[in-house]
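Indexing begins at 1, ligand by ligand and atom by atom, following the structure's order.
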Amino acid sequence: MTKPLLSVRDLRTHFDTDEGVVKAVDGVSFEIMPTEVFAIVGESGSGKTVTALSVLNLVPKPAGKIVSGEIIFQDTNILQLPKDELQNLRGDRIVMIFQDPLTALNPVFSVGHQIAEVYRAHRGLGKKEAHRNAVELLELVGIPRPDQRAREYPHQFSGGMRQRAMIAMAVALNPDLIIADEPTTALDVTIQAQIMEVLLRMREEFDAAIMLITHDLGVVAGVADRVMVMYAGKVAEMGTCEEVYFHPRHPYTWGLMTSITRADQRKKDRLIPIRGTPPSLVNLPSGCPFHPRCDFAEKICSEDYPDLRPVSSHGQIASCHFAQRPDWTPPAELVAGRARR
Ligand code: SF4
């Protein structure tokens, strides 16, 4: 049986603030298999990015702290690695692509120089060979005239080209896991699709798994193998992309789906936003943290926390008191949208 590339078990990452302890990630467990595309979806503040930063043990200190849990990457517990080994792991075996490539790239060095530096620092290559590799990578991610563009600076690249350059830098050392944090957020829809296509091509080329973090459930359709939906620092639902997309069982997932635009959107179709705002992570509501915003809440929802339970025979799980009911179906608007797909 194939072993998971990454196992996160009962992860809890908290932040000390003036208002109290923010439980940004609170008891999250999941696995990512080799070459799998695993998407983490949720609104801002749901804990997606903190989960990713925890995997790299990059939680901002001293306020942030991984208070418990295990993060096992290829048989190694990341949380117990000495600093130098952790440093080698980051950027070599696990890499992160950030949301805004303009701030992630150094404005005073050419793009080619920055990619070449990865080879020089981690592989000890000479200047010429490192530069040659950098140009090859720029070509691989679809940057035209890569030799010339390698000599240009980040501000001379468009947003989409900068993100391609970031992907080139990320895959330079043939990583096993690429963490992409909202890699398409600042880009228009056409460029978004191109960037996702480049990411998937790099997965094929380098046999890497991808942890894709996004607030947009639409981005993961047709891209992810499995999806984990997070709400208030916890897992609301997890399953294959098909299960979560076509048979979602958690009302929060239903809400995410009815609030996204679709390519087949008709003029008369309304987007239905999730009412209310995400809860304060210092003071979570009692019972199910989604209950103040949930149109389906009943008395038990404000009293008892719903444990994650299996809702399909293939491993789909959901944290809702009613998700195991056979008649627990999403709202008509969602079903109508599905039927037109
Ligand atoms: Fe809604 Fe209750 Fe299910 Fe929570 S447990 S998602 S409040 S129905």
Side-chain angles (χ1 to χ4, degrees), residues 10-14 22-30 38-48 50-51 213-218 220-221 224 226-260 270-338:
D10 201 25
L11 176 68
R12 289 171 204 274
T13 306
H14 297 174
V22 170
K23 295 178 179 172
V25 177
D26 204 28
V28 167
S29 301
F30 62 93
F38 183 82
I40 305 182
V41 183
E43 294 165 291
S44 299
S46 59
K48 336 179 272 296
V50 177
T51 301
I213 294 166
T214 176
H215 65 278
D216 184 351
L217 202 46
V220 309
R226 285 188 307 130
V227 179
M228 177 168 88
V229 179
M230 287 188 74
Y231 186 76
K234 296 172 188 296
V235 178
E237 177 159 16
M238 178 158 47
T240 63
C241 190
E242 189 165 326
E243 285 169 335
V244 173
Y245 210 75
F246 290 98
H247 308 284
R249 307 293 290 173
H250 196 289
Y252 178 59
T253 315
W254 299 347
L256 288 178
M257 297 195 71
T258 49
S259 59
I260 58 173
R270 279 183 314 132
L271 289 182
I272 307 168
I274 305 172
R275 66 181 164 84
T277 51
S280 154
L281 296 176
V282 176
N283 229 334
L284 280 179
S286 58
C288 171
F290 188 54
H291 88 258
R293 305 174 73 191
C294 182
D295 292 330
F296 309 89
E298 295 185 19
K299 189 165 173 283
I300 188 177
C301 302
S302 59
E303 295 169 351
D304 289 345
Y305 176 75
D307 289 327
L308 277 166
R309 297 186 185 100
V311 291
S312 84
S313 50
H314 309 292
Q316 184 181 7
I317 51 176
S319 159
C320 169
H321 289 301
F322 314 116
Q324 287 178 318
R325 280 190 192 164
D327 61 345
W328 192 241
T329 48
E333 296 88 334
L334 189 58
V335 176
R338 253 329 61 74

Task: For Phe296, the ligand 1 atoms whose distance to one of its heavy atoms is below 4.0 Å - done: 8 (S)
Open item on the list: For atom 4 (Fe) of ligand 1, what is the closest protein heavy atom, and at what distance to 0.1 Å?
Closed with: Cys288 SG, 2.4 Å
Open item on the list: I need the nearest protein heavy-atom contact for atom 2 (Fe) of ligand 1: residue, atom name and distance, please.
Closed with: Cys301 SG, 2.3 Å
Open item on the list: Please check if the number of heavy atoms outside Lys23 that lie under 6.0 Å from its NZ is greater than 12.
Closed with: no
Open item on the list: With a 4.5 Å cut-off on side-chain heavy atoms, are Phe30 and Val235 touching?
Closed with: no
Open item on the list: One residue to check: Phe322. Relative to ligand 1, which of side chain, backbone, both or neither has a non-hydrogen atom less than 4.0 Å away?
Closed with: side chain
Task: Pair Arg12 + Asp10: basic N to acidic O under 4.0 Å - done: yes
Open item on the list: How far is atom 3 (Fe) of ligand 1 from the closest protein heavy atom, and which atom is that?
Closed with: Cys320 SG, 2.3 Å
Task: Check: Trp254 and Asp295 side chains under 4.5 Å, non-hydrogen atoms - done: no
Open item on the list: Tell me the protein heavy atom at minimum distance from atom 5 (S) of ligand 1, and give that distance in Å.
Closed with: His321 N, 3.4 Å
Open item on the list: Under a 4.0 angstrom heavy-atom cut-off, which atoms of ligand 1 come close to His291?
Closed with: 7 (S)
- [ ] Hey, can you tell me if His250 and Phe290 have their rings parallel, tilted or perpendicular (30° and 60° cut-offs)?
- [x] tilted
Task: Residue Cys294, metal atom 1 (Fe) of ligand 1, N/O/S under 2.8 Å - done: yes
Open item on the list: So if I count the atoms of ligand 1 from 1 in the order they appear, which ones are less than 4.0 Å from some heavy atom of His250?
Closed with: 6 (S)
Task: Residue that, paired with Gln316, satisfies side chain to side chain contact (heavy atoms under 4.5 Å, CB included) out of Glu243, Glu242, Arg309 - done: Glu243
TODO: Hey, can you tell me if Trp328 and Phe296 have their rings parallel, tilted or perpendicular (30° and 60° cut-offs)?
DONE: perpendicular
